[in-house]
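Structure first, then comments.
Computed over heavy atoms, backbone and side chain alike; hydrogens, waters and symmetry mates excluded. All residue numbers refer to positions in the sequence shown, counting from 1.
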Amino acid sequence: MTHNETLGIIDIGSNSIRLVIYEMDPDGAYRIIHEDKYAARLSNVVEQDGTILRHSLDKAITILQQFKATCEAYHTKLIRAAATAAIRNAGNALEIIGWLEAETGLQVERVSGDQEAYYGFLGVTQSIELADGFVVDIGGGSTEITVFRDRKRLHSISLPIGAVNSYARYGREDQWSEANAAVLCNEVIEALSEQDWIRQHPGLPLIGLGGTMRTLAKVEQKRTQYSLPVTHHYEIGAEQMENIARSLPHLTSAQRKKVPGLAKDRADIIVPGVLILRTVFRMIQGDRYVVSGAGLRDGLLRDLMAEGKPVVPDALKDSIRNFIHFGPPIPENRLHRVHQDTITMYTALQGNPPDPADARILYASSMLHMAGKQINYFRYPQHSAYWIMNASIYGLSHRETILSAIAADYHPKKRTPQLLHKHRDVLRDSDERHAHRLGSLLRVAEAINRSERITAIQAAKENDSLQMQFICTGEPLLELSSLDEAVKDLQEAWGVTLSHSIQQASKE
């Protein structure tokens with residue numbers, strides 16, 4: 001048996017120091033097996049002359065020593081530690097890195113602003129299917145902005161303006177004054193004023209990384225009682241963000257700590273964070289905010305794994321590949337046949353191949369409909385649906401996530417109506433019918449792939465009849481016995497009658 005390797009990534013940020021440990025198999029698939037963080041607030045210990053004194057690093061060094069010990073407990077092959085804005089911008093950056101390395105035994109990279117923007121871009125492109133957008137990463141001591149088109153990075157800039165150092169400069173009062181808020185926003189505008197590319201790509205989504213964006217998503221989800229408590233790929237409209245940005249600065253610190261979804265340790269720095277974010281959004285003339293749960297650490301991993309070809313061409317397929325490698329032992333060829341059969345039937349019934357959204361839903365549900373077997377074989381479809389909705393699968397919108405889960409656990413008389421009702425705030429009015437159609441396709445595809453007897457199918461629609469031909473290596477008794485019930489659901493969902501014939505596969 002081949003043993004998998006583990007890899008540790010440590011992000012020494014201006015606000016927090018974070019550790020992620022990944023398990024990696026010989027084929028390059030990976031999953032997170034441990035995470036930890038500590039709010040060291042290094043931006044707060046920068047002296048007036050721009051240096052950081054040795055004694056101000058005591059807590060950071062202790063945390064790094066603990067993180068290294070955790071990595072050793074997991075037998076990590078490599079630990080990649082990266083220091084960002086607070087350290088790289090310090091007047092004695094090289095001295096600081098020397099202290100950290102001497103005290104911890106770690107090798108610490110001094111990540112430049114452009115590198116930090118690049119790693120954030122890699123994290124986004126491996127986790128979100130969007131082809132174009134602006135990546136905005138608001139850290140404690142800097143903000144990185146990148147524009148990409150067709151999943152290619154065009155321009156980046158790193159500003160020495162972050163949530164922690166901006167709070168230190170402008171937010172020491174209990175409430176933010178209009179004047180201080182304006183000064184911070186003007187500082188961002190001035191820093192970007194000479195970057196012509198900032199205004200040359202209007203109408204793109206702003207994809208936010210980091211604690212500010214995740215916190216704002218949680219606040220909005222709590223306010224609206226959002227039914228899917230997942231922040232990755234959550235979208236916030238411009239008007240909703242404007243309302244948040246107008247209200248938070250005028251609350252006292254005590255009042256902000258009581259805002260649902262807002263963690264107490266972010267009650268102070270969330271105001272500069274949202275002001276920076278909104279200012280950038282206005283300058284790029286964005287159309288909406290999208291949350292990315294992946295960022296710098298994911299980019300650092302991707303840079304290590306795929307040197308030379310780091311950008312993931314298909315976030316969804318890469319994400320599902322990772323699960324399959326670590327999931328229950330299911331024949332992957334069978335999953336691909338189920339998927340292909342859903343496409344064949346969909347195309348025959350609809351008259352056209354699936355649009356991109358339906359293609360993603362059919363792929364995800366086909367490949368993951370047995371995922372729940374890793375939790376418990378019995379009732380695995382329900383476990384599969386829960387896993388799909390809560391695992392932050394990369395490459396799916398929240399609507400696509402829910403429809404994929406419903407298809408994977410299609411139960412038209414009970415569970416499907418319950419899920420449709422629970423998530424009506426995420427779904428479209430037309431999705432009730434759509435969910436039944438997609439789910440019934442998957443049920444039929446499962447039935448005809450119960451064993452290896454049916455090697456291929458053909459489907460054609462004539463009037464209100466779907467005619468299917470099964471190419472078989474022998475009599476498909478298991479498949480036909482499962483098909484009877486599945487056919488009823490498909491006929492009801494699509495308004496057709498289904499008939500089938502069997503053709504013996506060629507022995508050549």
(message) side chain to side chain contact (heavy atoms under 4.5 Å, CB included), that's the test. Do I269 and I138 meet it? Break it down for me.
(response) CA-CA 11 Å; I269 62 174; I138 300 176; over 6 Å; no
(message) In the structure I gave you, are the side-chain heavy atoms of I12 and L42 within less than 4.5 Å of one another anywhere?
(response) yes
(request) Rounded to the nearest 0.5 Å, what's the gap from CD on Q195 to CD on Q200? Could you check? (result) 10.5 Å
(request) Take atom OH of Y386 as the centre, draw a 6.0 Å sphere, and report whether it contains more than 12 heavy atoms from other residues, nucleotides or ligands. (result) no
(message) Is it the case that the side chains of D358 and Y346 hold a donor-acceptor pair, with the cut-off being a distance below 3.5 Å and no angle test?
(response) yes
(message) If I compare all heavy atoms of S365 with all of L442, which pair ends up nearest, and what's the gap?
(response) O-CD2, 3.8 Å
(message) Please find the pair of heavy atoms, one from N89 and one from G141, that lie closest to each other, and give the distance.
(response) ND2-O, 4.4 Å
(message) What I'd like to find out is whether the side chain of Q126 reaches to under 4.5 Å of the side chain of D298, using heavy atoms alone.
(response) yes
(request) Look at the side chain of D409 and the backbone N and O of A385, then say whether any donor-acceptor pair between them is shorter than 3.5 Å. (result) no
(message) Please report the interatomic distance OG1(T342) to NE2(H369), rounded to the nearest 0.5 Å.
(response) 10.5 Å
(message) Any heavy-atom pair between the side chains of V259 and R223 that's under 4.5 Å?
(response) no
(message) Are the side chains of L184 and P272 in contact, using a 4.5 Å heavy-atom criterion?
(response) yes
(message) Could you tell me if the side chain of F323 sits less than 4.5 Å from the side chain of Q374, heavy atoms only?
(response) yes
(message) I'd like to know if the side chain of R256 and the backbone of L251 have a donor-acceptor N/O pair within less than 3.5 Å.
(response) yes
(request) Give a yes or no on whether the backbone of H398 and the side-chain of H423 come within a donor-acceptor separation of less than 3.5 Å. (result) no
(message) Parallel, tilted or perpendicular, judged at 30° and 60°: which one describes the rings of Y363 and H339?
(response) perpendicular
(request) Apply the side-chain contact (heavy atoms from CB on, under 4.5 Å) test between L78 and each candidate in T6, L304, I9; give the one that qualifies. (result) L304
(request) Just do the side chain to side chain contact (heavy atoms under 4.5 Å, CB included) check on V136 and I207 with the steps written out, would you? (result) CA-CA 6 Å; V136 180; I207 306 165; over 6 Å; no
(message) For Y22 together with H34, are the ring centres under 6.0 Å from each other?
(response) no
(message) For Y234 and Y226, take the angle between the two ring planes, folded into 0 to 90°, and tell me which bin it lands in: parallel under 30, tilted 30 to 60, perpendicular over 60.
(response) perpendicular
(request) Give the C-alpha distance, both sets of side-chain angles, the deciding distance and a yes or no for side chain to side chain contact (heavy atoms under 4.5 Å, CB included) between L159 and I157. (result) CA-CA 7 Å; L159 310 179; I157 187 172; 3.7 Å; yes
(request) Examine distances only and state if a side-chain atom of D132 and a backbone atom of D150 form a donor-acceptor pair shorter than 3.5 Å. (result) yes
(request) Can you establish whether the number of heavy atoms outside R199 located under 6.0 Å from its atom CZ is more than 12? (result) no
(request) Test salt bridge (charged side-chain N to carboxylate O under 4.0 Å, His left out) on R18 and D11 and set out the steps. (result) CA-CA 5 Å; R18 294 173 178 267; D11 172 9; 5.5 Å; no
(message) If you compare all heavy atoms of D287 against all heavy atoms of G203, which two are closest, and at what distance to 0.1 Å?
(response) CG-O, 3.6 Å
(message) Minimum heavy-atom separation for R266 and T212, please, with both atom names.
(response) NH1-N, 3.8 Å
(message) Main chain of A29, side chain of D27: is a donor-acceptor contact present, judged purely on distance under 3.5 Å?
(response) no
(message) I'd like to know if the side chain of S142 reaches the main chain of I161, judged simply by a donor and an acceptor atom lying under 3.5 Å from each other, with no hydrogens or angles considered.
(response) no
(request) Identify whether the distance between the nearest side-chain nitrogen and carboxylate oxygen of R54 and E103 falls below 4.0 Å. (result) yes
(message) Run the side chain to side chain contact (heavy atoms under 4.5 Å, CB included) test on T76 and L7 for me, step by step, so that the C-alpha distance in whole Å, both residues' side-chain angles and the decisive distance to 0.1 Å come before the verdict.
(response) CA-CA 5 Å; T76 54; L7 170 69; 6.0 Å; no
(message) I need the minimum non-hydrogen distance between A217 and I236, along with the two atoms involved.
(response) CA-CD1, 3.9 Å
(request) May I ask you to test the V188-L277 pair for a side-chain heavy-atom distance under 4.5 Å? (result) no
(message) Any non-hydrogen side-chain atom of I324 less than 4.5 Å from a side-chain atom of L335?
(response) yes
(request) Verify the neighbour count for atom CG of D49: are there more than 12 heavy atoms of other residues, nucleotides or ligands below 6.0 Å? (result) yes
(request) Show the numbers, then the answer: is there a salt bridge (charged side-chain N to carboxylate O under 4.0 Å, His left out) between R153 and D114? (result) CA-CA 11 Å; R153 184 172 74 135; D114 185 68; 3.3 Å; yes
(request) Verify, without hydrogens or angle tests, whether S156 (side chain) and T146 (backbone) share a donor-acceptor contact under 3.5 angstrom. (result) no
(request) Using a strict cut-off of less than 4.0 Å between a Lys/Arg side-chain nitrogen and an Asp/Glu carboxylate oxygen, indicate whether D268 and R41 qualify as a salt bridge. (result) yes
(message) When you compare the side chain of I343 with that of P354, does any pair of heavy atoms fall below 4.5 Å?
(response) yes
(message) Which label fits F134 and H201: parallel for a plane angle under 30°, tilted from 30 to 60°, or perpendicular past 60°?
(response) perpendicular
(request) Answer yes or no: is there a donor N or O on one side and an acceptor on the other, between the side chain of E432 and the main chain of L420, under 3.5 Å? (result) no
(message) To the nearest 0.5 Å, what is the distance between CD1 on I63 and CG on L57?
(response) 13.0 Å
(message) Using the rule given for salt bridge (charged side-chain N to carboxylate O under 4.0 Å, His left out), can you reason through R282 versus E242, listing the C-alpha separation, both sets of side-chain angles and the distance that settles it, and then say yes or no?
(response) CA-CA 10 Å; R282 288 175 173 177; E242 282 287 339; 3.0 Å; yes
(message) Treating E220 as the side-chain partner and M241 as the backbone partner, does any N or O pair qualify as donor plus acceptor under 3.5 Å?
(response) no
(request) Please lay out, stage by stage, how S43 and N165 fare under the test side chain to side chain donor-acceptor pair (under 3.5 Å). (result) CA-CA 6 Å; S43 286; N165 60 13; 5.0 Å; no
(message) I'd like to know if the side chain of T104 reaches the main chain of L100, judged simply by a donor and an acceptor atom lying under 3.5 Å from each other, with no hydrogens or angles considered.
(response) yes
(request) Return the minimal non-hydrogen interatomic distance between I406 and A435, and the atom names on each side. (result) CG2-CB, 4.0 Å
(message) Checking S158 against E144: is there a side-chain donor and acceptor pair closer than 3.5 Å?
(response) yes
(request) Enter the distance from I375:CD1 to S384:OG here, rounded to the nearest 0.5 Å. (result) 7.5 Å
(message) Would D431 and R424 count as a salt bridge (charged side-chain N to carboxylate O under 4.0 Å, His left out) here? Give the steps.
(response) CA-CA 9 Å; D431 279 338; R424 62 187 183 277; over 6 Å; no
